[in-house]
Protein chains: 2
Amino acid sequence: MESKEVLKAHLAKLAVLTDEQFEYLFSHFTKQTFKKGQVIITEGDMVNCEYFVIRGCLKSFSINDDLKMFILQFAMPTWWASDYNALYNQTKATINVDCISDTEVLCITNADREKLCNELHQLEHFFRWRTNRGYVATQKRLLSFMNNNIKHRYEELLKSYPELYNTVPKNLIAAYLGVSRETLSRLS
Amino acid sequence: MESKEVLKAHLAKLAVLTDEQFEYLFSHFTKQTFKKGQVIITEGDMVNCEYFVIRGCLKSFSINDDLKMFILQFAMPTWWASDYNALYNQTKATINVDCISDTEVLCITNADREKLCNELHQLEHFFRWRTNRGYVATQKRLLSFMNNNIKHRYEELLKSYPELYNTVPKNLIAAYLGVSRETLSRLS
DNA sequence: AAAGTTGTGTGATATAGATCACATTCGGAA
DNA sequence: TTCCGAATGTGATCTATATCACACAACTTT
């Protein structure tokens, strides 16, 4: 399936758009490809775009003062990624985004998204629901952190995203779960 | 200031609405008052409404298998609260909401919010941005959990919400920060 | 004012997970 | 095919925080 079709099918789940409307909004996206390990957003830089993953896998992450990495999000195909704090508030990035594997994305600027949301009520509806879902998912993750032990969280993660088990090295899974790779390895 | 004025001023920060439009949407809200300790949402129940706090303070929280409470959110005046996971997906509540002090709220049903968002593009815009902010705030909290020690997180919280220091007992602050009250007490 | 209830401080001990150290396996590049 | 770095497993400590236990202060309620 072509990237255009992937986006169209994705939008159709939450928004009703005519073909003309879709063609119009699609003209605001640009296709980009990256190699494994390439960096897309670097801490400290300004952020202008968000990325819709077509193929491959991204991670967004931060490095703390002790040089420990924490992964905020993996982004598999049909997921969106950016530093939303920086993007929405037009401030410098506080997180990084890079490629876990060779990746193809569709990219749209913050300004274009806002313009399109203003022009197309249905698109504003789509983006409201995308954020609603992200908000609820992040709250759930916070609750899981506080309420469940690591083993439980690991099993929960693998149940929700079985594809991660083979795609993503264990040290990255550990960085997502917020434990050391040694502890993850000892789980069972 | 009357509750109607509070909501109007709050909406005006992100949406442009005529007086008629505001009156129309306000007619969908109902005013409710609760006493300190009263429960608004109970785990396991269905959730139909979300609440805009006018006066007082709410907390949303979960209790895990070890009977430990984790506070997902405090809701001070002009904050919104509900179990959004349950509300958006029309499933049973997994968190509780109750009153830290005597509280007055404006209440709107999920169905009415969706209806109004569909009728008024500007309101959909408002709710998209409200969730955007909530999403970013929750991500920041997750990052702070992983990257900062308790003392740092406590100071960060008091800097962001100094009113909590005198309003909310320390055991609840501990439950929000995800530490025992003893550890919080030993901090400085 | 007495009595219960809720909130807070602090010592002693227990424990989950981090950290350090090293061995082993695996997959890609020369 | 060999070599090197990345990924993984596992033992031996270390440490931050939880847990238990108690004292006391600060409120409500009667």
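Keep in mind that the numbers below use all heavy atoms, side chains included, and drop hydrogens, waters and symmetry copies. Naming: A, B, ... by sequence-line order, numbering from 1 per chain.
In this model, the phosphate group of C/dG17 is not approached by any side-chain N or O of A/Ser180 to a distance below 4.0 Å at OP1 or OP2. Between A/Ser185 and D/dT8, a side-chain N or O to OP1/OP2 separation shorter than 4.0 Å is absent.
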As a quick check of understanding, evaluate side-chain hydrogen bond (donor to acceptor under 3.5 Å, both in side chains) for B/Glu50 and B/Tyr84, giving each step before the final call.
CA-CA 8 Å; B/Glu50 61 176 316; B/Tyr84 285 103; 2.5 Å; yes
Under the side-chain hydrogen bond (donor to acceptor under 3.5 Å, both in side chains) rule, what do A/Glu156 and A/Ser144 come out as? Steps first, then yes or no, please.
CA-CA 9 Å; A/Glu156 202 173 61; A/Ser144 187; 2.7 Å; yes
Evaluate the criterion ring-ring contact (aromatic ring centres under 6.0 Å, His included) for residue pair A/Tyr135 and A/Trp129; output intermediate values, then yes/no.
CA-CA 10 Å; A/Tyr135 178 55; A/Trp129 273 99; over 10 Å; no
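When the C1' atom of D/dA16 is taken as reference, atom CG of B/Leu177 falls 16 Å away, rounded to whole Å. Atom P of nucleotide C/dG7 and atom CD1 of B/Ile100 are separated by 10 Å, given to the nearest angstrom. Taking atom NZ of B/Lys68 as the reference point, atom C1' of D/dT19 lies 10 Å away to the nearest angstrom.
Counting only N and O atoms by type, the side chains of B/Asn96 and B/Ser62 include no donor and acceptor under 3.5 Å apart. For the residue pair A/His10 and A/Trp79, no side-chain donor N or O sits within less than 3.5 Å of a side-chain acceptor on the partner.
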Protein proximity profile, nucleotides 24-30 of chain D - base contact B, sugar-phosphate-only contact S, no contact -, cut-off 4.0 Å on heavy atoms
-------
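More than 12 heavy atoms of other residues, nucleotides or ligands shown are found within 6.0 angstrom of NZ on B/Lys170. In B/Tyr24, the OH atom is crowded: over 12 heavy atoms of neighbouring residues, nucleotides or ligands sit closer than 6.0 Å. By the neighbour-count criterion of 12 heavy atoms within 6.0 Å, atom NZ of B/Lys8 is densely surrounded, having more than that number from other residues, nucleotides or ligands. Open room surrounds NZ on B/Lys36; 12 or fewer heavy atoms of other groups in view lie less than 6.0 Å from it.
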Between the protein and nucleotides 20-29 of chain C, which nitrogen or oxygen pairs are less than 3.5 angstrom apart?
from   : atom 1 : to       : atom 2 : distance (Å)
C/dC20 : N4     : A/Glu182 : OE2    : 3.3

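Considering B/Ser60, B/Cys99, B/Ser82, B/Cys107 in turn, B/Cys99 is the only one that fulfils the side chain to side chain contact (heavy atoms under 4.5 Å, CB included) rule with B/Ile40.
We find that A/Asp98 and A/Lys59 are joined by a salt bridge, their nearest charged nitrogen and carboxylate oxygen being less than 4.0 Å apart.
Listed by residue number, the members of residues 146-172 of chain B with any heavy atom below 4.0 angstrom from DNA chain C are B/Pro169, B/Lys170, B/Asn171.
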